[in-house]
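Every chain is numbered from 1 and lettered A, B, ... according to where its sequence line falls, protein lines coming before strand lines.
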2 protein chains.
Amino acid sequence: MEDRVERIKKQLHSAGYKLTPQREATVRVLLEHEEDHLSAEDVYLLVKEKSPEIGLATVYRTLELLTELKIVDKINFGDGVSRYDLRKEGAAHFHHHLVCLECGSVAEIEEDLLEDVEAIVEREWKFKIKDHRLTFHGICHRCQQKHEEK
Amino acid sequence: MEDRVERIKKQLHSAGYKLTPQREATVRVLLEHEEDHLSAEDVYLLVKEKSPEIGLATVYRTLELLTELKIVDKINFGDGVSRYDLRKEGAAHFHHHLVCLECGSVAEIEEDLLEDVEAIVEREWKFKIKDHRLTFHGICHRCQQKHEEK
DNA sequence: TATTATAAGATAAAAATAATGATTATTATA
DNA sequence: TATAATAATCATTATTTTTATCTTATAATA
């Protein structure tokens, strides 16, 4: 945990920014909720628990900054709010998501899976891929089982 | 064009909705701009050119309805606005996008490309896939050439 | 320490979307 | 065809999310 904060601090520094207490608090919330997909509002409320004096605008600005530095990814599952997802360290590519249409759960897939597809796209469309977003919408295992029980 | 409107009309009917003049005007705008990725505002302005009496709320509701019926897909490229994209007829799956980070152009890929990946996800994660979203962010062919010229 | 730059906080503003309510149009039925 | 029931519309307002502004505070540098 501490070393990850430390590394993010360095990333900020090398881009000319500082890890202020507010920014650190925000980063820590993101680290503590790595599995979730928090909206700006979610992050704000969680940061507020520990640092009640922080402002919403600061959280927004921090998330924007972290997105710019590719420390987090801003994603949208179609529910109207942007969500922020910490990039895994050393991950060349953004991970994928499985969004359950019934219970709303969001699972992550770390494996790349797209290597072949990307090779095809780069070759056939002459498009230089920098990043990708892949989300599957469907029914998660648990919700499928619920149906079977009936 | 006419037959596509006709088919969308049938899709609406079979779901218990009607193709009102306002809805038809909206659908026609979508058909005429199939290559673009229009925001609700864009659609509204275009529909207004031909049917100036239409209201923004109607456009929003129509787009919502069309999304519900899977006639259009609501997508988000991360720029804050939802965009609406007509589903290709007979397309079992939503097409993919190539978003250029430099010029902002959005190209479409009709080919599925994900069959293998989906098979893996369904098997390994026991996730029943209903739909997917795949977007590549990168540099389009034209922008790459611009660089080479320099 | 004085000066300058950067960041924070609070609030207001903007933008996008959704909801409401009154009115009109359409469809089905008598 | 007239009437009732339903559905859709417009105009407006409200809500939600995000961004901008302005002042104050903090930190870095000369």
- [ ] Just call it for B:E53: base, sugar-phosphate, or nothing, with non-hydrogen atoms closer than 4.0 Å on any strand.
- [x] sugar-phosphate

In a table with atom names and distances, give each donor-acceptor pair under 3.5 Å that connects a side chain of residues 49-64 of chain B to protein atoms at least two apart or in another chain.
| unit_1 | atom_1 | unit_2 | atom_2 | d |
| --- | --- | --- | --- | --- |
| B:K50 | NZ | B:E32 | OE2 | 3.3 |
| B:T62 | OG1 | B:T58 | O | 2.7 |

TODO: Indicate yes or no: at least one non-hydrogen side-chain atom of B:F136 is less than 4.5 angstrom from one of A:D131.
DONE: no

Provide, to the nearest angstrom, the distance between the [atom1] atom belonging to [X] and the [atom2] atom belonging to [N].
| X | N | atom1 | atom2 | answer |
| --- | --- | --- | --- | --- |
| A:D79 | D:dT15 | CG | P | 20 Å |
| B:E24 | D:dA7 | CD | P | 21 Å |
| B:E41 | C:dA15 | CD | C1' | 9 Å |
| A:K48 | C:dA10 | NZ | C1' | 11 Å |
| A:I75 | D:dT17 | CD1 | P | 16 Å |
| B:R23 | D:dT9 | CZ | C1' | 10 Å |
| B:N76 | C:dA16 | CG | P | 12 Å |
| B:E68 | C:dT17 | CD | C1' | 16 Å |

Open item on the list: Please evaluate residues B:K74 and B:D85 with respect to the criterion salt bridge (charged side-chain N to carboxylate O under 4.0 Å, His left out), reporting the C-alpha separation (whole Å), side-chain torsions for both, the decisive distance (0.1 Å), and the verdict.
Closed with: CA-CA 6 Å; B:K74 187 175 174 180; B:D85 211 352; over 6 Å; no

TODO: Could you check which nucleotide pairs with D:dA30 in any of the strands shown, counting Watson-Crick or G-U wobble with both distances under 3.5 Å?
DONE: C:dT1

Task: Complementary nucleotide for D:dA2 - Watson-Crick or wobble, under 3.5 Å - done: C:dT29

When you compare the protein's N or O atoms with those of nucleotides 18-25 of chain C, which come within less than 3.5 Å of each other, and at what distance?
| unit_1 | atom_1 | unit_2 | atom_2 | d |
| --- | --- | --- | --- | --- |
| C:dT20 | O4 | B:R61 | NH1 | 3.4 |

- [ ] Under 4.0 Å from any atom of DNA chain C, heavy atoms only: list the residues of residues 9-22 of chain A that qualify, in numerical order.
- [x] A:Y17, A:K18, A:T20, A:Q22

Sequence-distant partners of [X], side-chain contact (heavy atoms from CB on, under 4.5 Å), two or more places apart:
| X | result |
| --- | --- |
| B:S39 | B:E41, B:D42, B:V81, B:R83 |
| A:K70 | A:R87 |
| B:E110 | B:K88, B:H95, B:E108 |

- [ ] Using only side-chain N and O atoms of A:S39, determine if any of them is under 4.0 Å from OP1 or OP2 of D:dT17.
- [x] no

Open item on the list: Looking at A:R4 and A:E34, is any side-chain nitrogen of the basic one under 4.0 Å from a carboxylate oxygen of the acidic one?
Closed with: yes

Open item on the list: Salt bridge check, A:E24 against A:R28: does any charged N sit closer than 4.0 Å to a carboxylate O?
Closed with: yes

TODO: Please check if the distance between the ring centroids of A:F77 and A:H37 is under 6.0 Å.
DONE: yes

